[in-house]
Visitor: 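Following this message is one structure expressed as structure tokens.
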Amino acid sequence: MSADKPVGPLTVTCVKNLTDKLYEKRKTAAMDIERIVRDYQKDGKEADTRSLLFLLRSEFLESANPNTRKGGLIGLAASAIALGKEAPKYTDELFRPACDILCNDRDSRVRYYACEALYNIVKVIRASVIPHFSLLFAGLSACAQDPEATIRKGSEMLDKLLKEVVLDSSAERLSMEEFVSLAKDRMYSENVYVRQFLVSWVSTLHSSPQFNLLPFLHELLDGLLLILGDERPEIYRMTLELLDQLLGDLERRGSAEADFTGMINIIAQHCVSRQEPVRQAALRWLAQLIPLCPDTVRGHAASFLQALLPSLVLPAPAARLSELARGANDLLLGLVSREQPPSEQSVEALVSVLLHACASPPSLPVALVWLRRLLSQVPALLSRHVTSLFPVLANTLAELSAASAPDALADSLATLAALAECPELAEAGQALLEAVPETLRQRLATEHPCFVRLVHEIFKLFRSRSKLTDSGHAIVTCLSRLLTPQRVFSALALHILHAFPAEAAADSSELEAAFYMIGALSLILLTDSSLHEFRLQLHRLDNQAIADICATLYRAWCHNPAATLALCFLSRNYAHAKLLVSKFADIEITTPLLIELDKLIQLLESPIFLYVRLDLLNPDCSPDLTGCLFGLLMCLPQTEAFHQLHRRLSCLPPLHLQHQQQQPQVHSNWLLDCDPSLEQFAQIQELHRQARLSTGHSRQPQTLPLSLVLTTSTIGRTQSASNIR
């Protein structure tokens with residue numbers, strides 16, 4: 001286009017001014033165009049108006065000269081102002097050319113003029129711009145990330161005007177589907193100004209009652225949560241406020257319109273975000289969604305639990321996150337109930353998550369709580385998973401230490417005990433018995449398969465002396481409280497009898513393990529306060545069931561003479577105890593045995609065996625009991641234990657001793673035949689002697705060197721005192 005020739009109704013001067021570099025001259029030309037358009041409108045020359053608008057586009061806006069394009073934009077704006085109320089009829093001719101320049105022109109100054117021109121055009125066409133909303137929204141989004149600050153500033157005025165038009169328009173309403181489609185595609189931009197632009201638009205529409213964002217929330221939520229992670233305080237504040245408003249609206253208006261299924265996976269993904277603000281927001285949303293759509297969440301419980309686990313095990317500095325996660329986890333747990341059980345598919349997915357959680361010490365306590373909840377509410381749905389769950393749970397007993405993780409160990413035992421008590425798992429649990437020897441299966445045939453396998457696993461652990469020392473007391477006492485000591489001690493005794501039979505030769509290390517295992521179990525039985533009632537039953541022996549348990553314990557305890565003697569004291573079988581001590585002459589008195597006898601002497605002086613000391617004055621018991629204790633005294637080297645027992649026996653009045661010599665000895669009602677019991681004891685002790693000889697251990701003298709005796713006595717007293725309760 002030549003500036004020396006007129007263009008349609010525009011004179012040469014007007015054309016020159018319109019394409020001039022100076023703004024004042026272009027403004028003068030704009031006033032001329034405005035006058036021409038008004039004249040056309042006054043005369044009803046609509047065709048001439050359209051022709052002029054076409055010329056402005058073809059001759060000016062499509063020019064390669066930036067100043068010419070600026071002149072064309074000013075001419076369009078002037079035409080729109082001149083058209084006034086008639087401008088909407090010319091929307092295509094006015095709006096689209098200017099918007100094309102805004103979106104596509106490479107010259108920043110030209111784009112700035114496009115913003116100004118569109119501001120004036122939109123101001124007069126008002127609602128007629130809404131059908132072209134997507135085009136203008138795209139242009140404004142591009143301007144928001146323009147490197148030129150002047151363009152961003154100019155687009156802000158146009159953006160504000162467009163929002164006013166959208167909110168004020170009643171005849172032409174913005175399509176929410178269209179807006180959401182435009183917004184969600186741009187929300188993944190990392191440009192701060194684009195993010196601010198988008199959050200502002202969502203907030204504006206949400207604030208108006210004529211627009212309902214809830215049906216489209218699932219399409220916007222992911223992007224909004226991502227924007228929430230922006231480090232800039234202003235963006236964070238705007239987005240957090242918007243998300244809180246949306247969540248509040250969701251709570252007030254209910255679940256009829258929202259697509260919760262679409263939101264669930266999004267929230268689960270952001271619950272593990274590395275950005276704490278995002279994770280906090282996702283956890284808050286999850287906590288609110290659970291009561292709003294329990295059925296939907298129940299079906300995706302595994303996904304949510306997997307998302308919650310990282311926040312549930314955070315260290316103290318992230319206390320707020322942990323608090324939110326615990327609240328959401330409690331609500332999620334509450335969805336598992338007998339009344340509304342989860343589907344088999346949901347339980348299978350949950351079990352898969354829980355198995356992985358059990359393998360990690362930090363998440364183990366959470367997994368155990370979930371497993372106990374499932375066992376209490378929907379045990380039948382766990383039956384098909386018992387063979388995969390049990391080994392993982394049993395393995396936690398080997399990995400956990402009573403010293404460093406007592407609570408986790410107790411939780412693990414509680415969960416295993418729940419498995420062993422669940423009747424719905426009995427049939428499926430039969431598969432667990434494949435790892436248990438057939439003889440033990442038969443002897444424990446009346447017990448739950450999970451219980452049998454549990455005791456079997458514990459027995460294998462206790463064969464390791466370090467594990468027995470570290471966690472033996474905690475495991476036995478906790479399991480006894482959960483499953484009764486009668487069952488636990490009987491089952492362990494049967495395992496000992498099976499693993500270390502009196503009839504078969506055994507390795508020295510195996511028999512040594514049996515010695516220490518029985519010593520530890522005996523000490524637990526004698527000293528732990530939670531076993532007080534069980535001790536009373538063994539003391540009374542007033543029914544056949546407890547008598548059978550006592551007999552089983554005796555046969556197993558024979559591997560440890562001190563433990564066997566303690567059991568006789570506990571059950572008041574003093575006559576048998578006296579005969580048992582007489583057998584000590586035929587066995588090898590080793591250092592470990594002396595330590596065990598030292599512990600027993602300490603226990604005799606404790607409140608646990610008060611009745612034994614009082615029985616020294618009982619004519620029915622005293623002859624056998626004093627004979628036993630004097631025999632024991634003769635077996636001991638003259639250590640502190642010897643002197644302690646000697647002082648106790650010295651307290652007996654001489655007349656009482658004479659009376660004992662005149663009284664017939666009364667044997668207590670021992671429920672095993674005396675001779676077979678002693679024979680089994682002697683046979684087992686001979687096994688121990690032969691095993692020590694076969695491995696080259698020399699026979700130790702019954703009277704030890706003074707230094708070893710003192711060490712033995714000190715060790716015994718220390719260990720005994722620490723275990724008396």
Side-chain angles (χ1 to χ4, degrees), residues 1-105 107-126 128-129 132 135-136 139 150-151 154-155 157-158 161-162 165:
M1 182 198 73
S2 174
D4 298 329
K5 296 180 181 180
V7 177
L10 303 180
T11 64
V12 173
T13 302
C14 182
V15 171
K16 283 184 177 182
N17 288 338
L18 198 59
T19 58
D20 198 276
K21 293 181 180 180
L22 296 176
Y23 173 75
E24 292 299 327
K25 290 187 176 182
R26 291 198 299 269
K27 185 177 180 181
T28 301
M31 295 175 65
D32 290 339
I33 294 174
E34 187 176 340
R35 177 182 52 76
I36 293 171
V37 173
R38 281 200 175 97
D39 289 342
Y40 284 162
Q41 289 299 301
K42 188 185 299 182
D43 298 336
K45 296 179 179 180
E46 184 177 331
D48 291 340
T49 301
R50 294 186 186 278
S51 178
L52 174 59
L53 296 176
F54 175 77
L55 288 173
L56 289 172
R57 177 176 183 176
S58 60
E59 298 296 330
F60 291 85
L61 295 181
E62 295 177 1
S63 171
N65 188 313
N67 290 324
T68 302
R69 297 198 299 276
K70 293 176 188 176
L73 289 168
I74 291 177
L76 284 179
S79 300
I81 293 171
L83 288 168
K85 294 181 179 180
E86 297 298 319
K89 293 194 301 185
Y90 302 92
T91 297
D92 287 342
E93 290 86 351
L94 292 169
F95 173 79
R96 292 191 68 87
C99 202
D100 287 340
I101 294 291
L102 179 70
C103 296
N104 303 314
D105 203 288
D107 191 298
S108 60
R109 291 298 298 168
V110 174
R111 293 198 302 275
Y112 175 77
Y113 275 87
C115 287
E116 286 193 335
L118 282 168
Y119 180 86
N120 288 299
I121 293 169
V122 172
K123 195 171 183 179
V124 291
I125 64 173
R126 304 295 292 180
S128 297
V129 77
H132 306 280
L135 186 60
L136 183 53
T150 54
I151 296 178
S155 68
M157 296 179 60
L158 177 59
L161 175 61
L162 181 59
V165 170

Visitor: Any heavy-atom pair between the side chains of V129 and V165 that's under 4.5 Å?
Guide: yes
Visitor: Quick one: closest heavy-atom pair of A29 and C14, and the distance?
Guide: CB-O, 3.5 Å
Visitor: Report yes if the side chains of T49 and Q41 come closer than 4.5 Å at any heavy-atom pair, otherwise no.
Guide: yes
Visitor: Starting at CD of E34, measure out to CG of D39 and round the result to the nearest 0.5 Å.
Guide: 11.0 Å
Visitor: To the nearest 0.5 Å, tell me how far L102 CG sits from E116 CD.
Guide: 12.0 Å
Visitor: Indicate yes or no: at least one non-hydrogen side-chain atom of L83 is less than 4.5 angstrom from one of V124.
Guide: no
Visitor: Hey, what do you get for CG (N65) to OG1 (T19), rounding to the nearest 0.5 Å?
Guide: 7.5 Å
Visitor: Under 3.5 Å, is there a donor-acceptor pair between the side chain of R69 and the main chain of S63?
Guide: yes
Visitor: Heavy-atom distance under 4.5 Å between the side chains of S79 and L53, does that happen here?
Guide: yes
Visitor: Roughly how far apart are N67 CG and R109 CZ, rounded to 0.5 Å?
Guide: 10.5 Å
Visitor: Before giving the answer on side-chain contact (heavy atoms from CB on, under 4.5 Å), spell out for L161 and R126 the whole-Å C-alpha distance, their side-chain angles and the decisive distance to 0.1 Å.
Guide: CA-CA 9 Å; L161 175 61; R126 304 295 292 180; 3.7 Å; yes
Visitor: Give me the atom names and distance for the closest heavy-atom approach of A80 to A87.
Guide: O-CB, 4.1 Å
Visitor: Would you name the heavy atoms of A30 and A78 that are closest together and state the gap between them?
Guide: O-CB, 3.3 Å
Visitor: Do D100 and R57 have side chains that get closer than 4.5 Å, going by heavy atoms?
Guide: yes
Visitor: Can you name the nearest heavy-atom pair linking H132 to S128, along with the distance?
Guide: CD2-O, 3.5 Å
Visitor: Taking atom CZ of F54 and atom CD of E59, what is their separation to the nearest 0.5 Å?
Guide: 8.0 Å
Visitor: Could you check if a side-chain atom of I125 sits within less than 4.5 angstrom of a side-chain atom of Y90, using non-hydrogen atoms only?
Guide: no
Visitor: Only one of V122, I121, L118, L56 forms a side-chain contact (heavy atoms from CB on, under 4.5 Å) with L94, so which one is it?
Guide: I121
Visitor: Using only atom types and a distance under 3.5 Å, with no angle test, would you say the side chain of D105 pairs donor to acceptor with the backbone of D107?
Guide: yes
Visitor: Could you tell me whether the side chain of D32 reaches within less than 4.5 Å of the side chain of T11, counting heavy atoms only?
Guide: no
Visitor: Examine distances only and state if a side-chain atom of T28 and a backbone atom of E24 form a donor-acceptor pair shorter than 3.5 Å.
Guide: yes
Visitor: Identify the two heavy atoms, one from L61 and one from L73, that lie closest to each other, and give their separation to 0.1 Å.
Guide: CD2-N, 3.5 Å
Visitor: Using side-chain heavy atoms (C-beta onward) and a distance below 4.5 Å, is E46 in contact with R50?
Guide: yes
Visitor: Checking the side chain of S51 only, and the main-chain atoms of A47 only, is there a donor and an acceptor separated by less than 3.5 Å?
Guide: no
Visitor: When you measure from the side chain of R26 to the backbone of G71, do you find a donor-acceptor pair of N or O atoms at a distance under 3.5 Å?
Guide: no
Visitor: Restricting to non-hydrogen atoms, name the atom on P9 and the atom on I36 that form the minimum distance, rounded to 0.1 Å.
Guide: O-CD1, 3.9 Å
Visitor: Apply the test side-chain contact (heavy atoms from CB on, under 4.5 Å) to residues L76 and N120: give CA-CA distance (whole Å), side-chain angles for both, the deciding distance (0.1 Å), then the verdict.
Guide: CA-CA 9 Å; L76 284 179; N120 288 299; over 6 Å; no
Visitor: What's the separation between atom OH in Y112 and atom CD1 in I151, rounded to the nearest 0.5 Å?
Guide: 10.0 Å
Visitor: Does K123 have more than 12 heavy atoms from other residues, nucleotides or ligands lying within 6.0 Å of its NZ?
Guide: no
Visitor: Going through the distances and angles, do Y113 and I101 end up as a side-chain contact (heavy atoms from CB on, under 4.5 Å)?
Guide: CA-CA 9 Å; Y113 275 87; I101 294 291; over 6 Å; no
